Protein chains: 2
Amino acid sequence: MMKQTLTISIQDYLKHIYELTDDGKPASTNALAERLKIKPASVTGMVQKLASAKPALVEYQKHQGVTLTKEGERAALEVIRHHRLLEAWLVQTLGYSWDEVHDEAERLEHVISEDFERRIAAAMGHPLRDPHGEPIPTADLKMPLEDSTPLSAFRPNQTGVVQSVKSADDDLLRYLEALGITPGAQFEVKDYSSYDHNLTMKIGKKTSVLGLNITSKIFVEES
Amino acid sequence: MMKQTLTISIQDYLKHIYELTDDGKPASTNALAERLKIKPASVTGMVQKLASAKPALVEYQKHQGVTLTKEGERAALEVIRHHRLLEAWLVQTLGYSWDEVHDEAERLEHVISEDFERRIAAAMGHPLRDPHGEPIPTADLKMPLEDSTPLSAFRPNQTGVVQSVKSADDDLLRYLEALGITPGAQFEVKDYSSYDHNLTMKIGKKTSVLGLNITSKIFVEES
DNA sequence: ATAATAATTTAGGTAAGACTAAATTATTAT
DNA sequence: ATAATAATTTAGTCTTACCTAAATTATTAT
């Protein structure tokens with residue numbers, strides 16, 4: 001089959017900037033480029049355009065990285081709402097598993113109408129979280145605030161409940177599911193190795209040892 | 001909001017060529033251009049590319065119009081299957097009405113995966129027709145053959161049942177629905193004016209007079 | 001402080017897919 | 001048959017969003 005020019009949508013730029021700036025710091029050109037799988041030079045060019053659009057979608061200063069303006073954030077939250085509602089809905093109505101939904105939602109999120117968004121939100125009773133436990137921005141585009149901490153910060157004898165898993169890696173998601181680590185699961189930390197930062201945890205009847213690369217992607221609430 | 005280059009997808013070219021060639025004759029450059037809302041010169045350019053792609057998607061000779069190759073037809077039927085399954089599914093699961101589904105399906109059809117296609121088809125029990133009564137290409141991409149005739153060919157005292165309405169005009173669709181003219185509806189032709197080709201028909205308790213511009217878009221089976 | 005390295009931007013290039021205007025070919029009416 | 005008109009194609013232009021390579025600026029190590 002013939003291939004056609006595919007270009008990264010503005011929505012995608014904004015969505016990734018949103019995610020990269022959730023630590024409060026501007027997103028670097030390189031980090032954005034890596035996420036979008038294009039070269040840094042191309043990011044510079046597009047970011048300059050987004051900054052000089054009216055209304056401006058991003059704030060940008062040479063060598064300082066980018067942040068979203070009010071407008072840009074609105075647009076980002078709109079796509080994120082689409083994405084997370086779609087994930088929830090693919091799981092609830094079409095039997096997708098949490099490791100299968102990401103790619104499908106990734107493509108659908110850009111083309112659904114506001115009407116479609118309202119319909120699926122209503123059909124599901126306006127869910128607050130997606131299948132990975134991530135909060136769904138509200139219809140008026142406010143992101144609910146999170147009060148969970150990474151599992152990596154937990155130490156032996158602490159117990160908690162899994163709130164969300166921040167990863168689009170299907171292999172990891174399947175692995176965690178097999179271990180019983182899904183949103184809502186209760187656990188207790190049994191051991192911690194200060195040498196390699198591995199955590200030993202008990203979930204239900206299973207005991208698992210997880211490395212930092214994993215525990216830093218699992219967000220939990222103490223209980 | 002900033003706008004981005006939007007380019008007509010190959011799938012859209014093929015879909016429209018498919019529709020324009022259903023009378024057996026090649027699609028003209030002008031007709032295609034009008035449908036795609038671009039200039040004829042641009043169509044010529046793209047059609048030449050589609051013809052010299054390997055494998056070729058269309059057959060093309062200067063001034064003679066375009067037809068689809070086997071490959072091109074497969075691709076067209078794939079999108080049409082997507083479109084019609086989506087229409088059926090939007091109506092069945094999200095309460096869309098038949099005049100609302102077209103635009104939404106038009107955008108979704110290009111981005112859904114084969115997996116998604118299979119899931120909605122299965123969820124609906126592999127429907128044979130979309131909400132407008134149009135046949136849905138099968139999973140192996142065969143278009144079921146139609147044996148219906150346009151209502152415009154009917155004359156007084158003939159009775160029949162509406163099979164499909166070929167139109168994406170929401171106003172017309174709403175109008176027809178109000179008259180009871182939807183797939184499955186039974187009717188009887190009461191009168192015909194050879195002067196203006198108006199048909200007077202009885203559907204349920206309603207009697208309506210329809211012009212040729214409408215009766216030529218309604219396909220029926222005698223009964 | 002300086003040198004080495006890393007990150008970013010600039011400048012210039014390319015390909016795709018639209019456009020316009022001019023040239024050509026086909027069709028229709030007389 | 002010829003002229004007028006309509007349809008189509010060609011040629012050349014523009015814009016967008018990517019690219020590479022070179023230049024610049026920032027950061028880090030000594």
Side-chain angles (χ1 to χ4, degrees), chain A residues 1-17 20-21 23 25-54 56-68 72 75 79 106-107 110-111, chain B residues 1-17 20-21 23 25-54 56-68 72 75 79 106-107 110-111:
Chain A
M1 185 62 174
M2 219 178 129
K3 84 165 81 162
Q4 215 164 359
T5 313
L6 52 67
T7 212
I8 296 163
S9 71
I10 291 176
Q11 292 183 337
D12 266 332
Y13 274 94
L14 299 176
K15 186 176 68 164
H16 284 104
I17 294 169
L20 287 169
T21 51
D23 60 355
K25 288 193 261 286
S28 77
T29 303
N30 264 3
L32 242 183
E34 194 186 0
R35 286 227 182 190
L36 298 171
K37 290 171 183 155
I38 58 177
K39 302 298 173 210
S42 307
V43 168
T44 301
M46 181 54 98
V47 144
Q48 287 171 342
K49 233 173 248 179
L50 295 174
S52 56
K54 347 173 250 211
L57 296 166
V58 304
E59 193 115 10
Y60 167 70
Q61 281 175 238
K62 282 188 187 186
H63 301 101
Q64 304 309 129
V66 252
T67 55
L68 295 175
V79 206
E106 193 84 356
R107 281 172 287 111
H110 304 294
V111 303
Chain B
M1 187 62 175
M2 218 178 131
K3 85 166 81 162
Q4 215 164 358
T5 313
L6 52 68
T7 211
I8 296 164
S9 71
I10 291 176
Q11 292 183 337
D12 266 332
Y13 273 95
L14 299 177
K15 186 177 68 164
H16 283 104
I17 294 168
L20 286 169
T21 52
D23 60 356
K25 288 193 260 289
S28 76
T29 302
N30 264 4
L32 242 182
E34 194 186 0
R35 286 228 182 192
L36 298 170
K37 289 171 183 156
I38 58 177
K39 302 298 173 211
S42 307
V43 168
T44 301
M46 181 53 102
V47 144
Q48 288 171 340
K49 232 173 249 179
L50 295 174
S52 57
K54 352 173 245 212
L57 296 167
V58 304
E59 193 114 10
Y60 167 69
Q61 281 175 240
K62 284 188 185 187
H63 301 104
Q64 305 310 128
V66 252
T67 55
L68 295 176
V79 207
E106 193 84 356
R107 282 173 287 113
H110 304 294
V111 304

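Source: prediction; values computed, not measured.
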Considering only side-chain heavy atoms of [X], which listed nucleotide, [options], is closest?
X       : options                : result
B:Lys49 : C:dA16, C:dC19, D:dA26 : C:dA16
B:His63 : D:dT9, D:dA7, D:dT20   : D:dT9
A:Ser28 : D:dT9, C:dT8, C:dC19   : C:dT8
B:Asn30 : D:dT20, D:dA7, D:dT9   : D:dA7

For [X] and [N], give me the distance from atom [atom1] to atom [atom2], rounded to whole Å.
X       : N      : atom1 : atom2 : result
B:Leu6  : D:dT15 : CG    : P     : 16 Å
A:Gln61 : C:dT9  : CD    : C1'   : 15 Å
B:Met46 : C:dA15 : CE    : P     : 16 Å
A:Lys39 : D:dA17 : NZ    : P     : 19 Å
B:Ile8  : D:dT16 : CD1   : C1'   : 16 Å
B:Leu20 : D:dA7  : CG    : C1'   : 15 Å
B:Glu34 : D:dA7  : CD    : C1'   : 13 Å
B:Ile10 : C:dG17 : CD1   : P     : 7 Å

TODO: Take A:Tyr13 and A:Lys62, find for each the nucleotide of DNA chain D with the closest heavy atom, and name the residue whose nucleotide sits nearer the 5' end.
DONE: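 Nearest-nucleotide comparison on DNA chain D picks A:Tyr13.
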Open item on the list: I'd like to know if the side chain of B:Ser42 reaches the main chain of B:Ile38, judged simply by a donor and an acceptor atom lying under 3.5 Å from each other, with no hydrogens or angles considered.
Closed with: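 Answer holds: no.
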Open item on the list: For A:Ile8, is there any backbone N or O sitting under 3.5 Å from a side-chain donor or acceptor partner on B:Gln4?
Closed with: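 Yes; judged by distance alone, with no hydrogens or angles, the pair exists.
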[atom1]-[atom2] distance between [X] and [Y], expressed to the nearest 0.5 angstrom:
X       : Y       : atom1 : atom2 : result
B:Ile17 : B:Tyr60 : CD1   : OH    : 11.0 Å
B:Met2  : A:Lys49 : CE    : NZ    : 6.0 Å
A:Ile10 : A:Met46 : CD1   : CE    : 6.0 Å

Open item on the list: Students often get this wrong, so: under 4.0 angstrom with heavy atoms, is A:Thr7 touching a base, only sugar-phosphate, or nothing?
Closed with: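 Sugar-phosphate, backbone atoms only, no base.
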- [ ] Mind checking B:Thr44 for me? I need base, sugar-phosphate or nothing, with any heavy atom below 4.0 Å counting as a touch.
- [x]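 Base contact.
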Tell me whether the OP1 or OP2 atom of [N] has a side-chain N or O from [X] closer than 4.0 Å.
X       : N      : result
A:Ser42 : D:dC19 : yes
A:Gln64 : D:dT25 : no
B:Gln4  : D:dT15 : no
A:Tyr60 : C:dT9  : yes

- [ ] Flag the pair B:Glu34 and B:Lys39 as a salt bridge only when some basic side-chain nitrogen lies within less than 4.0 angstrom of an acidic carboxylate oxygen.
- [x]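 So B:Glu34 does not pair with B:Lys39 through a salt bridge.
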Task: Nucleotide forming a Watson-Crick or wobble pair with D:dT13, both distances under 3.5 Å - done: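 Across any shown strand, D:dT13 pairs with C:dA18.
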Task: Counter-base of C:dA3, judged by Watson-Crick or G-U geometry with both distances under 3.5 Å - done: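 Base partner found: D:dT28.
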- [ ] Map A:Gly45 and A:Met2 onto DNA chain C by nearest heavy atom, then report which one ends up closer to the 5' terminus.
- [x]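 So the residue in question is A:Gly45.
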